[in-house]
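Everything numeric in this text was worked out from a predicted model, so none of it was measured.
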Amino acid sequence: MEFLSLIYVVPALYFIFLIWKLFDQKRDQECYILDYQCYKPTQDRMLGTKLCGKIIKRTEDLGLNEYKFLLKAIVSCGIGERTYAPKNVIEGREASPTLNDAISEMEEFFNDSIAKLLARSGISPSEIDILVVNISMFTSLPSLSSLIINRYKMRHNVKVYNLTGMGCSATLISLDIVKNIFKSQKNKLALLVTSESLSPNWYPGNNRSMILANCLFRTGGCAILLTNKRSLKNTSIMKLKCLVRTHNGARDESYNCCQKKEDEQGRVGFYLDKALPLVATRAFVDNLREISPKILSLRELLRFLVVSLFFKKLKKIASCLGLLPTKSSLNFKSGVDHFCLHTGGKSVIDGVGKSLNLSEYDLEPARMALHRFGNTSAGSLWYVLGYMEAKKRLKKGDKVFMISFGAGFKCNSCLWEVMKDVGEANVWEDCIHDYPPQSLANPFMDMYGWMNQVKDTNSSEFRNFLSEER
């Protein structure tokens, strides 16, 4: 009888052991944020309205129509007067950048943000196991990741990944790399560095689809410290719950809508096609279709399924009765507490907010990050997160949904769980009490609005404007 008991007990215990082992391995595969540090350039790099006007006038071949277009673009894009530009733009050398301009811009970011991050977290550079760097529109030899390794004297066996050409959505691509490494390697520390090099990428021409990028992109970036060490779980800020990447590059329209290319005169710039809103919407919908089941409750998914199945029938009945049909959409607030949206521009934030039925409270962090820091490309998401933290919105157990878009065309998203109440001083420290301001109106209209009334380039007012000191 005892022998028969052993026959049943031993396999049962072994089965329990396998389940425990699987669960224990899963705990070592989590991805946590220990800390992050956004970059804020010095005050002398700030772009006020007058300085922006001078920079625009330095661009050759701009006519009255181009000036009117730029005025409309700047006023409507949602960017304020306290954003930052590279040194060569401030100094008037944007049309003829040097290699040293681009490298110096990156060095300033690396020396500031990475140093502050490591000092605050108490982590030595020699403890970093994985380094992931993403700078889309600039590469150097040796690589920028090598520059960081040399500057901070990291270990010879640090695992390095250097990404280029990934666009504004590169942060979550880099994060996906780290997450996948964590699945197979225990007790690792990863440093993720995300930014964009603007020094060599100013467009000096008059193509409207290309000068728009000059209005949107600003200097910024972020360094993030990640780990899967179980011992550091209680000191972490957030835990990654899921991440979904969508790439529609197989479609010609998606591939061609955002490109770095030459205009008719051979001047290089970043081209934004008119089809961009449609392309972005398609990628956004494809991404939501995949990530929704991962972040929403079963109850909400069932509700949406039922409404979707009977929507056509309800619409017919409602039309017969003279009533409007009930709007059918997923309620993302059932599984998300905070929305961290890519600051690609006011229209991007408005479009995502409308698609997800978000309130102004939900959109406030993205709007304020765009207004204060501009579109900092791949680093944008972290300025938005920093705003939430500075406003003490993030509480233990909250879920934060990040959404980003990038050339290719890509839409990437992820969900974080807040591990503890956070509200530490960050890049917003000196100005958070000024936000949100009473008005987001751009002073460009007050200063240059008269231009919309000008009909002839020979008018005295327009000639005086052009003759002012550049």
Side-chain angles (χ1 to χ4, degrees), residues 38-62 66-67 70 73-74 77 79-114 133-144 147-148 151 164-165 167-168 193-207 210-222 260-263 265-272 372-380 383 444 468-470:
C38 292
Y39 174 50
K40 181 163 66 175
T42 53
Q43 291 291 104
D44 61 318
R45 306 263 295 281
M46 194 172 284
L47 287 173
T49 300
K50 289 185 178 179
L51 180 56
C52 284
K54 289 182 178 180
I55 294 172
I56 291 171
K57 284 192 290 183
R58 290 201 298 256
T59 304
E60 299 179 357
D61 299 330
L62 293 184
E66 284 77 25
Y67 279 118
L70 282 170
I74 293 173
C77 70
I79 291 179
E81 286 192 288
R82 302 175 71 180
T83 59
Y84 303 95
K87 277 187 178 180
N88 67 314
V89 175
I90 300 295
E91 295 172 357
R93 297 183 293 103
E94 65 274 7
S96 55
T98 65
L99 177 62
N100 187 59
D101 286 329
I103 294 177
S104 296
E105 181 187 9
M106 293 295 97
E107 285 181 328
E108 289 175 4
F109 163 51
F110 297 154
N111 294 342
D112 178 87
S113 297
I114 297 177
V133 180
N134 64 257
I135 310 294
S136 288
M137 295 197 291
F138 172 67
T139 58
S140 64
L141 188 67
S143 67
L144 293 173
L147 192 157
I148 294 173
R151 165 66 177 81
T164 61
C168 298
V193 181
T194 177
S195 183
E196 188 55 271
S197 176
L198 300 184
S199 295
N201 289 297
W202 177 273
Y203 173 63
N206 59 359
N207 185 307
M210 299 172 80
I211 58 177
L212 187 60
N214 293 347
C215 302
L216 287 172
F217 290 101
R218 297 292 186 268
T219 298
C222 187
K260 185 177 181 181
K261 57 188 289 188
E262 294 179 339
D263 65 9
Q265 285 73 42
R267 296 168 296 199
V268 178
F270 191 62
Y271 172 80
L272 301 173
R372 175 63 181 85
F373 294 98
N375 180 352
T376 55
S377 189
S380 296
Y383 291 94
F444 254 85
E468 291 175 359
E469 183 183 356
R470 297 188 178 188

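- The pair E108-R45 meets the salt-bridge criterion, with a side-chain N (NZ, NE, NH1 or NH2) lying under 4.0 Å from an Asp/Glu carboxylate O.
- Not one N or O on the side chain of T376 forms a donor-acceptor pair closer than 3.5 Å with the backbone of G220.
- Looking only at side-chain heavy atoms (C-beta outward), L212 and Y203 stay at 4.5 Å or farther from each other.
- The side chain to side chain contact (heavy atoms under 4.5 Å, CB included) with I135 is formed by just one residue from the set S197, S377, S143; it is S197.
- The CD1 atom of I90 sits 11.0 Å away from the NZ atom of K54 when rounded to the nearest 0.5 Å.
- The shortest side-chain heavy-atom distance between M106 and L147 does not fall under the 4.5 Å cut-off.
- Expressed to the nearest 0.5 Å, how far OG1 of T49 lies from CD of E81 amounts to 3.0 Å.
- At a cut-off of 3.5 Å, with distance as the only test, a side-chain donor of N111 or R151 sits close to an acceptor on the other residue.
- If you check the side chains of T42 and D44, you find a donor sitting under 3.5 Å from an acceptor.
- Closest heavy-atom contact between Y39 and S113: CB-OG, 3.2 Å.
- In this structure, C168 and F217 approach most closely via the heavy-atom pair SG-CE2, 3.8 Å.
- The distance from the CE atom of M137 to the CG atom of N201 is 4.0 Å, given to the nearest 0.5 Å.
- Here the side chains of L70 and L62 are in contact, with some heavy-atom distance below 4.5 Å.
- The minimum heavy-atom distance linking P86 with L198 is given by the pair CG-CB, 3.6 Å.
- Side-chain contact between Y383 and K40 is absent, with no heavy-atom pair separated by less than 4.5 Å.
- Considering only heavy atoms from C-beta on, E105 stays 4.5 Å or farther from F138 through its side chain.
- The CH2 atom of W202 lies 8.0 Å from the CZ atom of R58; values are rounded to the nearest 0.5 Å.
- Considering every non-hydrogen atom in both R267 and N206, the closest pair reads NH2-OD1, 3.4 Å.
- With respect to the salt-bridge test (charged N to carboxylate O, under 4.0 angstrom), the residues R93 and D101 qualify.
- A cation-pi geometry, defined here as NZ or CZ lying under 6.0 Å from the six-membered ring centre and within 45° of its normal, does not hold between K260 and F270.
- Atom CG of residue L216 and atom CZ of residue R218 lie 8.0 Å apart, to the nearest 0.5 angstrom.
- Of all heavy-atom pairs between N375 and S380, the closest is OD1-OG, 3.4 Å.
- Side-chain contact check for F109 versus V193: some heavy-atom pair is nearer than 4.5 Å.
- Closest of all the heavy-atom pairs between C215 and A73 is SG-CB, 4.3 Å.
- Within the 4.5 Å cutoff, the side chain of I56 has heavy atoms near those of the I74 side chain.
- Taken to the nearest 0.5 Å, the CE atom of M210 stands 5.0 Å off from the CG atom of D263.
- Contact of the L47 side chain with the I55 side chain is registered, since non-hydrogen atoms from C-beta on lie closer than 4.5 Å.
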